[in-house]
Each structure stands twice: as structure tokens, then as C-alpha cells.
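The block underneath contains the structure these notes are about, expressed in C-alpha cells.
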Amino acid sequence: MLDPRLYREEVDKIRHGLERRGAKVDLDAMVNIDIEKRKINVRLDQLKSERNTATENIAKLKRTGQDAQADIEKTRTLGDEIKAQQEKFDDLESRFKALALLVPNLPHASVPDGRSSADNKVVKEWGQKPAAASAKPKHHLDVGKELSLFDFERGAKITGSGFPIYTGLGARLERAMLNFFLDFHVANHGFTEVSPPYVVNRASMIGTGQLPKFEEDMYHCDADDLYLIPTAEVPVTNMHGNEVLDAATLPISYAAYSACFRREAGSWGKDTRGFLRLHQFNKVEMVMFSDPAKSYEAHEYLRACAETLLQKLGLHYRVLELCAGDLGFGAAKCYDLEVFAPAEERWLEVSSVSNFEDFQARRANIRTKIDGKMQFIHTLNGSGLATPRVLVALLESHQTAEGGLRIPEVLQPYMGGLTEIKPKKK
RNA sequence: GGAGAUGUGGCAGAGUGGUCUAUUGCGUCUGAUUCGAAAUCAGAAGUCCGUGAAAGCGGUCCGGGGGUUCGACUCCCUCCAUCUCCGCCA
């Protein structure tokens, strides 16, 4: 949510930011509701003030045993008027709030202009593509099949498409990645590990910005009115909802593993094959709560944390700075990390590192007191990392000449010392 | 799932329809005393909204929402959380 003051003091700033995003919002309607609301608020406060003095007077009369009937009658009509004005006010306020929850964050000044993902800026490339001379690597689905690492058919049988089963060494490899990610963040990056619920209430989904706008993308349990989390960002960020954080404890950094559930309602036809778009997948998420003055340093730090993992895995990747038109709903600035899949010959997004500034903190009401001044903290998060596409890159990047898979050194301790997954003998 | 109890400021804990402008204690901050500190004494302090150039002024907040009433921390309904006992269970 944006600072409500902006709607009356700096509408042009909002207009400009939304324009950069290519977002359509009826700003004029919101400004008008806000003006109307304040007008009624002034009248309402005045009426309440009158009532307060009147009831005080009644109390005084009653205490001294005098008749207060005339004052009671007068206050009764005052009460009716207050009720009527209050209803108007509540209606305007809820209308304003409903609209405000649908307004995306404004892009940070450093975010480049652009309409779509085609306009994102490559700011870094690490490692390199396999030499053209070497044999073209096999497709990850073929590698997985030969080594029996996963089973899409049976996943589809028991649940549906987009719910794969990792099997045998594939399951272990995926678990190895998650353990490596978590352990590494905790040991080297100063994160505290948390293991959150995978199901959250509606208020939490609003807090981080998934709702009310993206309802159709979320799995919902009707009987309990709870949502399956699309990312650990939701429970972990909302952990501190309605809290005033001690400024001395900032920044607070969490790393959380969770399964992630996404309906991907609007994505049919895009990347539906294999691992590229799943309804359930595993991810380690990094979440930070930062002093507002230091959130952009924290943003760079988070990005570096995610990058380090890819480097340790020996994967060729690049960093994109998203343009204004491609920013996620709540992000003020965002880096995407894309890993290269040599058989697919394309870049795959494996991490998205965002600074939300106070956008989520306003929704979830997370504050801190700095120099005696109450203010909203800044929230940030980044994948570190999601496993499916990393596995794809791993399968396509680390193939051995014999058709097996070389295990990156950092994962070997988690694989019982195994250095290579060898093909079955025929 | 069943029965009962509780939810009040940073914390503890009073308050059962009208000077509640929420008692008190602890903690916090400021000042006095002190070379400094402790102890002691005095004082101050919250959130959010509106209004105003500002000082200030008005409103709001006792788990959330709703109701009764001229007036609700107090009465009623409902939801949530916590605790105790019972049941079930990885």
C-alpha cells in the first residue's frame, strides 16, 4: 500500500510511477473519495465532541440528583446524526481502502524504463556457456529419465499435471540442494532459519500483497478459509505483522524452506512441459526486515547471497534488473537471477530479489521507532533458491561423457559423499 | 471435538454503566542530588485519524467485529487467541 498522504499531496508522483509501470488505476476516483471522506471526518469529530460534552453534563446532573431528561433527548438526536455520518464515513473509507489495496508499488528512481521483460537490463553475467565444439548436452528430461530421478506420470496420476515426484537419487539431490542452501545462508550469510506454516489466513495474504488482486492464483481451503502459501515470503513476512520492532535488532534476516503452491491460473500454455512451471515446488526463501534508510544496501546483499549459491553450484547465470513495466505488484525494485540451461538453450529464472520498501509493511503494519519517530520498516525478499529450474540447469550443465551426472562439490556431503550419479548398466 | 476460565498500556496487575482525563507497581526517559554511579526526590511519556504554518485543538484505541444505551473497559451477540481438564491423534 502507498502512503495515503500521497493521494492528496503528491498525486503526480503516483501518476508518474504508475505510468512507468503501465498500470491502470482510477486515481481521480480515489482522490475524490479521499476529499469527501475528510470532509465528513471533520463534521463527525465535531459531532462526537458535542456528544462528549453533553453526556458529561448529563452525568453531572444525575450525580447531583437533577433532572437530565431534556439533555438526554437532545443527545439522542445527536446520536442519530453521528450514526448517519459514521456510516457514510465507513463506507467511503472501505471504498478507498479496497481501491488502495489494488494499487501497485511505485518503481524506485533507479529502475529503468520499459514495458515488458524484453526491456529488462542485463547487469551481470557469471560463468560461460559450454564451448561450441563440445557435444550438445542432453535435455534434462531425458537425463532424468535415464537416471530415474523423477516421475511426472505418476505425479499426474495421484494429483494432476504440474505435481512431479522426485525419486531415488533425484529426491536426494533435490533435498541436498535445499539443505545446502539453508545451511549456507545460516552459516555464512547471517540468516536465522525458520520453518513456517504452509497454510495462512487471508490477512497474511493481504499483508504481503498476494490478495486481493491475485485471488485466482491461490489455492484455497474453503472449509477453513485458509490459503496454501505460494512462497515462504507470506508466512515469514507476516510473522512480524502488527509489531513494533526494536530498531537495535534490525536488520532481521530469515531463511525459510517451504513447499510453494501456485495455481498458475493465467499461465496455461506457457512452459507447461517438465519442470519449468509447477503447481508445487520447493524453495528456500530469504526475508529481510530493514531500517528504511538502509534497505537498498540490504537489497544488494540479498542478491549477492542468492548469487553465491549459483556460483557454488558452478552454474552459468546472469542478473537482470527488471524494468518498471515488468516489476512485480509490490516491488519497488527487483533483480532476477537467470540460470543458463544449455540443452534448452535458454535462461531460466531461479530467483527474484525484491525491495518492497514500506509497501508490505504498511499492509501488515510492521513498524519501528528510530530516533523517537515511529515509521514503517522496509521488507525485502529473494529466492535462495527454488529447486526445479536449478535442477534443470544442473542436469544440463554437469553431464559426464558416460551419460551420468557430476555432483557439485558443495552437494556431495549431502549425498553421502557421492560424486557422480552413474547411468544404469544395460 | 467436549467442559470451564481468561484476554486492560513495554511488562505485571486493579477497575462490574457516568470526575476513567484508566488505580498501583516494575521498567523507560528527563531533571535535581553526586566527581561519577547506585539509592532517593521531582517530573514526563503511547497509537492512529483529522485540523493547523506551528504551538495547539478535536476525535480514536482496554483481543477483533457487531449490538443495547443519552453514555460501554464494564451489559449482550459473535469471532479469534491463550490457559486448565477430558476425548482423539502423528
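Throughout, a chain's letter reflects where its sequence line sits, starting with A, and its residues are numbered from 1.
Separating the CZ atom in Phe163(A) from the NE2 atom in His279(A) is a distance of 5.5 Å, to the nearest 0.5 Å. Remark: Ser295(A) OG to Phe289(A) CZ distance equals 13.5 Å, nearest 0.5 Å.
When the C1' atom is used for both C35(B) and G52(B), the distance is 48 Å, rounded to whole Å. Straight-line distance between the C1' atoms of U23(B) and A14(B): roughly 6 Å, to the nearest whole Å. Taking atom P in both U74(B) and G18(B), the straight-line distance is 11 Å, to the nearest Å. Remark: the separation of the C1' atoms in C62(B) and U16(B) is 14 Å, to the nearest Å. Rounded to whole Å, the separation between the P atoms of G25(B) and C41(B) comes to 11 Å. Rounded to the nearest Å, the gap between the P atom of G66(B) and that of C61(B) is 11 Å. Using C1' as the reference atom, C75(B) and G17(B) are 8 Å apart when rounded to the nearest Å. Nucleotides G64(B) and U82(B) have their C1' atoms positioned 15 Å apart, rounded to a whole Å.
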Per-nt protein contacts along nucleotides 48-70 of chain B (heavy atom under 4.0 Å; B base, S backbone sugar-phosphate only, - none) come out as SSSS------BSS---------B
Is there any protein nitrogen or oxygen under 3.5 Å from a nitrogen or oxygen in nucleotides 88-90 of chain B, and what are the pairs?
none

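In this pair, Phe184(A) and Phe180(A) present their aromatic rings tilted. The plane angle is within the 30 to 60° band. Ring orientation note: the planes of His185(A) and His189(A) are tilted relative to one another, at an angle of 30° to 60°. The aromatic rings of His240(A) and Tyr254(A) lie parallel to each other, with less than 30° between the two planes, well short of the 60° mark.
Pairing of A3(B), defined by two Watson-Crick or G-U wobble distances under 3.5 Å, is identified with U84(B). Searching all strands for a Watson-Crick or G-U wobble partner of G31(B) with both distances below 3.5 Å returns C41(B).
For Lys333(A) and Tyr296(A), the positive end is not near the middle of the six-membered ring at less than 6.0 Å and at most 45° from its axis.
Between the CD atom of Glu243(A) and the P atom of G10(B) there is a distance of 13 Å, rounded to whole Å. When the P atom of G27(B) is taken as reference, atom CG of Asp246(A) falls 19 Å away, rounded to whole Å. Distance, Asn57(A) CG to G18(B) C1': 12 Å, rounded to whole Å. Straight-line distance from the CD atom of Gln69(A) to the C1' atom of G71(B): 14 Å, rounded to whole Å.
Donor-acceptor pairing under 3.5 Å is lacking for the side chains of Ser116(A) and Asp326(A).
Between Leu106(A) and Gly17(A) the shortest heavy-atom distance is CD2-CA, 4.0 Å. For the pair Thr368(A) and Asp246(A), the tightest heavy-atom approach, listed with the atom from each and the gap, is OG1-C, 4.0 Å.
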